[in-house]
Amino acid sequence: MSSAVVPPDAVAAPALPDVLPPPRRRGRVGTFAYRHPTILAGGALLAVMLLIAVFAPVLHTVDPTALAPARRLRAPSGEYWFGTDMLGRDIYSRVMYGARVSLLVGFAVALLSSAIGMLIGLVSGYVRWTDAVIMRVMDGLMAIPGILLAIALMALTRGSVQNVIIAITVPQVPQVSRLVRGLVLSLREQPYVEAAVAAGTPGWKIILRHILPNTLAPLMVQATYICGSAMIIEAILSFIGAGTPPIIPSWGNIMAEGRALWQVKPYIVFFPAAFLSVTVLAVNLLGDGLRDALDPRAARRL
Amino acid sequence: MLAYIVRRVLATIPVMAVVAMFVFSLLYIAPGDPAAIIAGDQATPADIVRIHAQLGLDRPFLVRFADWFWHVLNGDLGTSIFTNLPVTHLIAQRVEPTVSLMLLTMVLSIVIAVPMGVLAAWKQGSWIDRLIMVNAVIGFSVPVFVIGYVLAYIFALQLDWLPVQGFTSISHGFWPFLKSLILPAVTLGGIYIALIARITRATMLEVLSQDYVRTAKSKGVGQYAVLFLHALKNAAVPIVTVIGLGVALLIGGAVVTETVFAIPGLGRLTVDAILRRDYPVIQGVVLLFSFAYVLVNLLVDLSYTFFDPRIRY
């Protein structure tokens with residue numbers, strides 16, 4: 001397809017900068033920020049969390065797993081910013097390190113489920129005879145509530161970050177493949193695809209060159225939302241004791257450990273809860289902003 | 001109409017078949033040999049083989065699946081490994097709190113979210129629209145147990161208006177029953193309200209730009225009649241669809257909410273079963289919840305003809 005497509009056809013917009021008008025006096029970045037405040041706010045918050053995750057060891061933290069029974073259950077103070085838990089571990093350090101698990105799980109699930117879902121969606125949408133079978137299986141998977149499916153999968157395996165990622169990815173795949181399949185079904189009727197078929201372009205090349213690039217924009221928005229909900233599901237799994245192993249500090253784990261004592265020591269639960277909420281909020285703001293930027297028609301509606 | 005209902009009901013059969021297949025595979029590939037557990041520490045390999053044959057574990061996958069499925073159809077979900085009680089019995093004990101919680105949450109959420117969405121669409125672009133939409137984003141982002149702890153901290157611990165946790169059966173009076181469910185229902189409703197308010201606003205915006213809405217306004221129909229009688233009824237199909245799909249969130253959220261508020265329901269049963277690796281119970285609960293979810297969405301599909309008589313099948 002031709003390259004210079006600017007809105008109104010948002011699906012065809014290949015990447016962010018192309019959607020924007022040429023820079024005015026405010027400059028490119030300024031215009032972008034002005035037009036999409038949610039992308040800016042979400043992106044900035046997420047960047048802060050990323051920095052926390054990367055630089056956790058140098059952010060005035062101590063070993064997050066170091067036990068110190070003599071200093072159990074200290075309230076937040078100048079020495080222990082977020083207090084200590086029932087084993088005397090420093091909650092500030094645990095929360096900082098916990099960012100790593102949440103972000104890792106969020107990004108990994110978003111990438112993995114997009115990749116697998118896209119593959120299934122492309123096959124199902126383009127290779128007609130596979131469609132009925134694949135979509136019946138996807139319907140069945142979608143009939144099992146996502147968190148329940150993840151819980152059931154975690155029950156089969158030992159708790160590890162890797163298994164958590166897989167267990168959260170599986171319920172997301174049907175959603176992505178449905179989205180991609182729908183896009184492929186409408187894209188394959190487009191004149192430029194018909195032209196490519198008429199010109200004798202092989203099927204794989206049509207998929208790769210003409211169809212796949214046009215599914216990326218909606219997929220990116222979807223992946224952002226998946227990233228946010230994956231972080232919540234990771235925390236939920238860890239919270240009920242079926243997620244990240246307790247030895248690794250994650251926000252869900254810290255809350256799970258604070259659960260028994262939360263009526264007397266609510267700060268153990270509230271600090272990781274605040275960080276988790278802010279991070280998911282950042283991702284969702286980013287998703288809303290991307291959706292508005294990539295699909296101006298939906299922007300007016302939602 | 002009848003033909004449509006029959007067709008729609010038949011269409012759920014392959015879906016439930018896939019669900020059943022998956023749920024059965026869960027037990028099939030579960031680690032740990034039930035025969036070895038039953039036989040105990042003193043068992044010889046010959047004992048284990050004998051118990052295998054007794055339980056029918058030595059038969060091929062499909063035969064075992066058919067056998068299991070036949071039992072499920074007859075209302076037999078197997079026996080809990082941990083408590084040695086029938087799974088159906090365990091589920092029956094736990095149904096009341098979960099069903100009450102979910103029904104109350106649904107009613108509460110719809111009553112709050114739909115007017116919110118209508119208001120946001122009516123006052124599009126105003127501060128009230130922004131406020132409602134910001135709240136919706138927050139509702140999506142704050143995990144259910146965080147809402148639960150914050151609400152319990154404020155309304156139960158600090159203000160002492162409502163019980164901190166636990167569940168009171170309706171047989172002990174309606175008021176205590178309702179009191180024990182208010183906080184959990186609001187907690188569970190957070191994301192559901194956000195979801196419904198958002199779709200209501202989006203659909204209403206579309207409907208409000210239609211010609212018949214302008215006609216109704218210009219012939220002097222009152223603002224509320226236009227919004228709730230003319231527009232909302234025509235916006236109902238997508239809203240009802242999302243209400244149905246959102247039940248998946250309610251089911252997942254119930255597992256967490258029941259843990260936060262120590263409610264002895266199906267969600268708590270699931271969590272306990274996972275911690276004990278009680279696979280028949282996990283299987284039964286997943287199967288039951290999925291069945292309920294499919295059923296709700298079947299009802300949603302059937303309700304379309306009620307909201308939009310143009311939909312005839």
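Computed from a prediction, not measured in an experiment: that's the story for all the values here.
Other residues, nucleotides and ligands place more than 12 heavy atoms under 6.0 Å from the CZ atom of B:F65. A 6.0 Å sphere centred on CD1 of A:I247 holds no more than 12 heavy atoms belonging to other residues, nucleotides or ligands. Sparse packing is recorded around CD of A:Q162, with 12 or fewer heavy atoms of other residues, nucleotides or ligands lying under 6.0 Å away. Dense packing is recorded around CZ of B:R8, with more than 12 heavy atoms of other residues, nucleotides or ligands lying under 6.0 Å away.
Across every non-hydrogen atom of B:F140 and A:V280, the tightest pair is O-CG1, 4.5 Å. For the pair A:A152 and B:V286, the tightest heavy-atom approach, listed with the atom from each and the gap, is CB-CG2, 4.3 Å. Nearest heavy-atom pair, A:L148 versus B:V285, reported as atom, atom and distance to 0.1 Å: CD2-O, 4.4 Å. Closest approach of A:A155 and B:I274 over heavy atoms only: CB-CG1, 4.3 Å. Of all non-hydrogen atoms in A:N284 and B:S141, the two that sit nearest each other are ND2-OG, 3.0 Å.
Residue B:L287 holds its CG atom at 8.5 Å from CD1 of A:I144, rounded to the nearest 0.5 Å. Annotation: the span from B:I282 atom CD1 to A:M154 atom CE amounts to 11.5 Å, rounded to 0.5 Å. Taking CZ of B:R198 as the reference point, atom CG of A:D288 lies at 4.5 Å (rounded to 0.5 Å). In this structure, B:T270 OG1 and A:I240 CD1 are separated by 8.0 Å, a value rounded to the nearest 0.5 Å.
Looking at B:Y293, only its side chain comes within 4.5 Å of chain A, counting heavy atoms on both sides. With a threshold of 4.5 angstrom between heavy atoms, A:M138 does not approach chain B through any atom at all. Interface residue B:V142: backbone and side-chain heavy atoms are both found under 4.5 Å from chain A. Of the two parts of A:L149, only the side chain, counted from C-beta on, holds a non-hydrogen atom closer than 4.5 Å to a non-hydrogen atom of chain B. With a 4.5 angstrom heavy-atom cutoff, B:A136 does not touch chain A via any of its atoms. Contacts between B:V150 and chain A at a heavy-atom distance below 4.5 Å involve backbone atoms as well as side-chain atoms. Heavy atoms of B:V271 lying under 4.5 Å from chain A belong exclusively to its side chain. Residue contact with chain A, scored on non-hydrogen atoms closer than 4.5 Å, involves the side chain of B:F145 exclusively.
Side chains of A:D139 and B:V18 form no contact here, defined as non-hydrogen atoms less than 4.5 Å apart.
The candidate from A:A143, A:A273, A:G140 with the greatest count of non-hydrogen atom pairs under 4.5 Å with chain B is A:A143. Highest contact tally toward chain B, considering only A:L141, A:V137, A:I151, is held by A:I151 [criterion: heavy-atom pairs under 4.5 Å]. The residue among A:A242, A:G228, A:A235 with the most heavy atom pairs within less than 4.5 Å of chain B is A:A235. Most heavy-atom pairs under 4.5 Å with chain A: of the set B:V294, B:V137, B:L249, this distinction falls to B:V137. Of the listed residues (A:V269, A:V283, A:I233, A:I232), the one with the most heavy-atom contacts under 4.5 Å to chain B is A:I232. Taking chain B as the reference chain and counting heavy-atom pairs below 4.5 Å, the highest number among A:I236, A:L153, A:T279, A:I147 is found for A:I236. Between chain A and the residues B:V23, B:I251, B:L157, the largest count of heavy-atom pairs under 4.5 Å involves B:L157. Among the candidates B:A248, B:A156, B:P143, the residue making the largest number of heavy-atom pairs closer than 4.5 Å to chain A is B:P143.
Between A:F270 and B:Y153, the ring planes lie perpendicular to each other; the angle is over 60°, past the 30° to 60° tilted range.
With B:Y279 contributing its side chain and A:L156 its backbone, the two residues share no donor-acceptor pair below 3.5 Å.
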